[in-house]
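Below is one structure, written out as structure tokens, with a few remarks after it.
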Amino acid sequence: MNNIIKIIFLDILKSKIVIGYTLMLAVLSWSSFALEDNATKGVLTVLNVILFTVPLVSILFSTIYIYNSSEFIEMILSQPVKRKKIWIGIFLGLSLSLVFAFLIGSGIPLLVYSFNGVGLMMILMGILITLIFISVAFLCSILTRDKTKGIGLSIILWIYFAMLFDGIVLFLLFQLSEYPIENAMLGVITMNPIDLARIQILLHLDISAMMGYTGAVFKKVLGSSLGLASTFILLCLWFLIPFYISLKKFKTNDL
């Protein structure tokens, strides 16, 4: 399995797409801090980059890579190697390379300009978001052997998590504004890893006061040590569960 991880890690690092992804993150992150008059504004700009760009690249690149590596996977399957080790090795190789690209592109600027709890929290959330959407990509690619359908499903899921979900939540808030639904909203938010990461970072920036009563509820529940631990566990489940399902299917699918 270690050889599989090494081969995939080195192969992806040489990819022009990953190199371009790293440079894009670096340019956006460094320029965000350089153009703003204080670090907080720069952090908010980088936050938007992380919550939109990182999930898109992670899920799309991973889905395409798995489909393009089908012959490589079939070749490994002909060797006396367990399917479980192959799938885990591919996941770890992809994860390490994309996390490395994120750390180089956005992690270094955050450490330079915001070497505090907020900066470290953003780096942690960026890593978890990367792992989550790679895991979702694995699930999409194993659900269908059709490359077009798999890539289409990945794009639809990204659009849902990054854009549509917030619209649905806002619609519910307006329609049910006369009812005390703030606590119920906490349960709804757990259905979107991007929103979980966003709220946790905003709470560390002490901007929750600008979110009114809802922000106070979020700060009370998610702003504590228990809330932080719960958020971390939920985000871990978000990448462990889809990957586990994909692993079960990979072990039984006829390739």
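We use all heavy atoms of the structure for the numbers below, so side chains are in, but hydrogens, waters and symmetry mates are not.
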Are [Y] and [X] co-members of a hydrophobic cluster defined by side-chain heavy atoms under 4.5 Å apart?
{"X": "L23", "Y": "W30", "result": "no"}
{"X": "V27", "Y": "Y21", "result": "no"}
{"X": "V112", "Y": "L124", "result": "yes"}
{"X": "I156", "Y": "L164", "result": "no"}
{"X": "I241", "Y": "I88", "result": "yes"}

Open item on the list: I'd like to know whether K147 forms a side-chain contact (heavy atoms from CB on, under 4.5 Å) with N68, so could you lay out the CA-CA distance, the side-chain angles of the two residues, the decisive distance to 0.1 Å, and finally the verdict.
Closed with: CA-CA 9 Å; K147 182 176 180 180; N68 289 345; 2.7 Å; yes

[X] and [Y]: which non-hydrogen atoms are nearest, and at how many Å?
{"X": "V54", "Y": "G126", "result": "CG1-O, 4.1 Å"}
{"X": "F102", "Y": "I123", "result": "CE2-O, 3.6 Å"}
{"X": "V18", "Y": "A101", "result": "CG1-CB, 4.0 Å"}

- [ ] Taking atom CZ of F100 as the centre, report whether more than 12 heavy atoms of other residues, nucleotides or ligands fall under 6.0 Å from it.
- [x] no

Open item on the list: If you count every heavy atom of other residues, nucleotides or ligands that lies below 6.0 Å from E71 atom CD, does the total exceed 12?
Closed with: no

In Å and rounded to the nearest 0.5 Å, what is the [atom1] to [atom2] distance from [X] to [Y]?
{"X": "M191", "Y": "L234", "atom1": "CE", "atom2": "CG", "value": "10.5 Å"}
{"X": "I8", "Y": "L13", "atom1": "CD1", "atom2": "CG", "value": "12.0 Å"}
{"X": "L240", "Y": "I132", "atom1": "CG", "atom2": "CD1", "value": "9.5 Å"}
{"X": "I5", "Y": "S97", "atom1": "CD1", "atom2": "OG", "value": "11.0 Å"}
{"X": "L51", "Y": "I129", "atom1": "CG", "atom2": "CD1", "value": "6.5 Å"}
{"X": "I17", "Y": "T22", "atom1": "CD1", "atom2": "OG1", "value": "11.5 Å"}

[X] vs [Y] side-chain heavy atoms within contact, under 4.5 Å:
{"X": "L237", "Y": "Y244", "result": "no"}
{"X": "V136", "Y": "S154", "result": "no"}
{"X": "I194", "Y": "P55", "result": "yes"}
{"X": "L153", "Y": "T144", "result": "no"}
{"X": "K84", "Y": "F250", "result": "no"}
{"X": "L120", "Y": "L110", "result": "no"}
{"X": "L35", "Y": "T45", "result": "no"}
{"X": "K85", "Y": "I4", "result": "no"}

Does [Y] offer a backbone N or O that forms a donor-acceptor pair with the side chain of [X] under 3.5 Å?
{"X": "S70", "Y": "I66", "answer": "no"}
{"X": "T53", "Y": "I50", "answer": "no"}
{"X": "W158", "Y": "F52", "answer": "yes"}

- [ ] Starting from the C-alpha separation in whole Å, work towards a yes-or-no answer on side-chain contact (heavy atoms from CB on, under 4.5 Å) for D195 and R198.
- [x] CA-CA 5 Å; D195 276 355; R198 179 190 291 114; 2.3 Å; yes

Open item on the list: Classify the ring geometry of F165 against Y160: parallel below 30°, tilted from 30° to 60°, perpendicular beyond 60°.
Closed with: perpendicular

Open item on the list: If we check side chain to side chain contact (heavy atoms under 4.5 Å, CB included) with T130, which of these qualifies: L98, L94, L103?
Closed with: L98

Task: Pairing residues for S135 by the side-chain contact (heavy atoms from CB on, under 4.5 Å) criterion, not counting sequence neighbours - done: F91, F239, P242, F243

[X] and [Y]: side-chain donor and acceptor closer than 3.5 Å?
{"X": "S29", "Y": "S106", "answer": "yes"}
{"X": "N116", "Y": "S114", "answer": "yes"}
{"X": "Y67", "Y": "D146", "answer": "no"}

Open item on the list: Evaluate L235 against M125 for side-chain contact (heavy atoms from CB on, under 4.5 Å), listing each step before the verdict.
Closed with: CA-CA 9 Å; L235 289 172; M125 291 301 163; 3.4 Å; yes

Open item on the list: For F133 and W238, I'd like to know if the aromatic rings sit close, meaning centre-to-centre distance below 6.0 Å.
Closed with: no

Open item on the list: Before you tell me yes or no, could you show the steps for I12 and F61 under side-chain contact (heavy atoms from CB on, under 4.5 Å), namely the whole-Å CA-CA distance, both residues' side-chain angles and the distance that decides it to 0.1 Å?
Closed with: CA-CA 10 Å; I12 293 177; F61 178 82; 3.8 Å; yes

